[in-house]
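Here the structure is a predicted model, which means the values were calculated and not measured. For this chain, numbers begin at 1 and follow the sequence in order.
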Amino acid sequence: PNAYQVIGQQDTVVTPMGTTPIFTGSSAFSGDDGPNDLSFSTNKKMVVDTNNHRLFVQDRTANRVLIFNLDADNELIDRVADNVIGQSDFTSAGASPTQSSFQATVGLAYDMDNDRLFVGDANRVLLFDVRPAGSPAQSLCGFISTGLSNGMSASCVFGQSDFTSNGSGNVGLPAIIAINALAYDSVHDRLFVSSAQPTEKIRVYDLSGAIANNMATTYDVGNAYFYVRVVDIAYDSLRERLFVAVDRIEEESSTWGSIVWVYDVATITPYENPVNVLGTVNTQTNEGILTDDHIADDNQCTEDNNYP
């Protein structure tokens with residue numbers, strides 16, 4: 001089917017809702033000479049808040065997250081962003097690791113039960129309290145927030161000892177190196193954090209209890225047999241499965257292949273093997289990688305909970 005709506009490629013004059021949108025644009029900021037509330041530089045990830053009817057879009061090279069209000073059916077109301085996180089306004093695109101700004105943002109996850117947005121930023125994860133604006137004051141990680149606002153500060157930071165650090169060496173705790181994807185498990189309140197760095201495992205934060213800045217990870221998910229670069233992850237809360245899209249290089253042959261591992265994470269055991277795999281026949285050999293089962297490009301990973 002064809003797309004019936006588009007955001008991110010509007011010129012300075014907004015195409016009214018109800019008219020045919022422009023589908024042919026593809027330039028950064030639509031040629032408008034800089035960041036604005038209509039278009040993106042490089043949109044990387046998106047999450048939908050179906051409770052409060054909002055769409056969060058990560059604009060990677062502008063180091064920001066744009067928020068679009070939706071109607072009761074979770075359809076776009078208009079094509080103009082309503083809020084921005086990571087920048088103080090819609091026309092800025094600076095890069096700096098602080099409590100309210102990003103250095104190299106990549107990866108989004110959303111906790112629908114608590115209205116919390118997780119944003120991956122190079123070697124750290126920031127947690128934002130994005131309850132509707134004007135919500136009752138709430139303290140998290142020692143920071144008091146009243147919900148969503150433009151340029152808001154994060155409540156918590158994971159992977160770094162403070163909000164201004166973003167290096168790869170987190171002394172005393174497992175480092176999160178080159179984050180590239182996040183996924184949230186709303187059943188067990190767990191945050192999965194993957195890295196683009198080969199040999200790095202997927203870090204798992206248990207957020208069901210007390211949450212603190214620079215808290216330790218509880219588990220690692222990873223396979224000991226292959227040298228891999230994870231490119232995306234997705235979580236199926238109904239079946240408690242973690243889908244891990246990877247570019248794989250064989251230990252001995254230096255042959256790359258794109259596959260998706262499926263992990264049963266109802267209970268996590270150290271370095272467990274996947275229970276299934278897409279794109280190859282065997283989870284521990286090269287069999288099938290260059291057959292019809294091969295996945296040529298697995299740069300995005302998502303799930304549909306309506307189907308088994």
For F192, which of Y235, F118, F158 qualifies under ring-ring contact (aromatic ring centres under 6.0 Å, His included)? Y235
No-hydrogen, no-angle side-chain donor-acceptor test under 3.5 Å, Y184 and D189: yes
Can you tell me how far apart OG1 (T91) and CG (N36) are? Round to the nearest 0.5 Å. 9.0 Å
Quick check: do L148 and F128 have side-chain heavy atoms less than 4.5 Å from each other? no
Name the residue from V119, L108, V125 that meets the side-chain contact (heavy atoms from CB on, under 4.5 Å) definition with L182. V125
Could you point out which residue of T98, D121, N123 forms a side-chain contact (heavy atoms from CB on, under 4.5 Å) with Q103? D121
Are R131 and D115 ion-paired here, with the side-chain N under 4.0 Å from a carboxylate O? no
Inter-residue atom distance F143.CZ - Q99.CD, 0.5 Å rounding: 5.0 Å
Identify whether the distance between the nearest side-chain nitrogen and carboxylate oxygen of D82 and R54 falls below 4.0 Å. no
Tell me if a side-chain donor or acceptor on S101 pairs with a main-chain N or O of S96 at a distance below 3.5 Å. yes
Going from CG on L38 to CZ on F90, what distance comes out if it is rounded to the nearest 0.5 angstrom? 9.5 Å
Among residues at least two apart in sequence or on other chains, which ones pass ring-ring contact (aromatic ring centres under 6.0 Å, His included) with Y110? F56
Results of salt bridge (charged side-chain N to carboxylate O under 4.0 Å, His left out) for R116 - residues two or more places apart only: none
Any pair counted as disulfide bond (SG atoms under 2.5 Å apart), so long as it reaches residues 98-142, sequence neighbours left out: C141-C156
Could you note down all residue pairs passing disulfide bond (SG atoms under 2.5 Å apart) where residues 52-130 supplies at least one of them, sequence neighbours left out? none
Do the side chains of N213 and D162 get nearer than 4.5 Å, heavy atoms only? no
Suppose we screen for side chain to side chain donor-acceptor pair (under 3.5 Å). Which residues come up paired with T218, at least two apart in sequence or across chains? none
When you measure from the side chain of N69 to the backbone N and O of I77, does any donor-acceptor pair fall under 3.5 Å? no
Roughly how far, to the nearest 0.5 Å, is the CG atom of N74 from the CG atom of N52? 10.0 Å
Side-chain ion pair, R241 and D236, N-O less than 4.0 Å: no
Per the disulfide bond (SG atoms under 2.5 Å apart) rule, what does the pair list look like for residues 98-138, sequence neighbours excluded? none
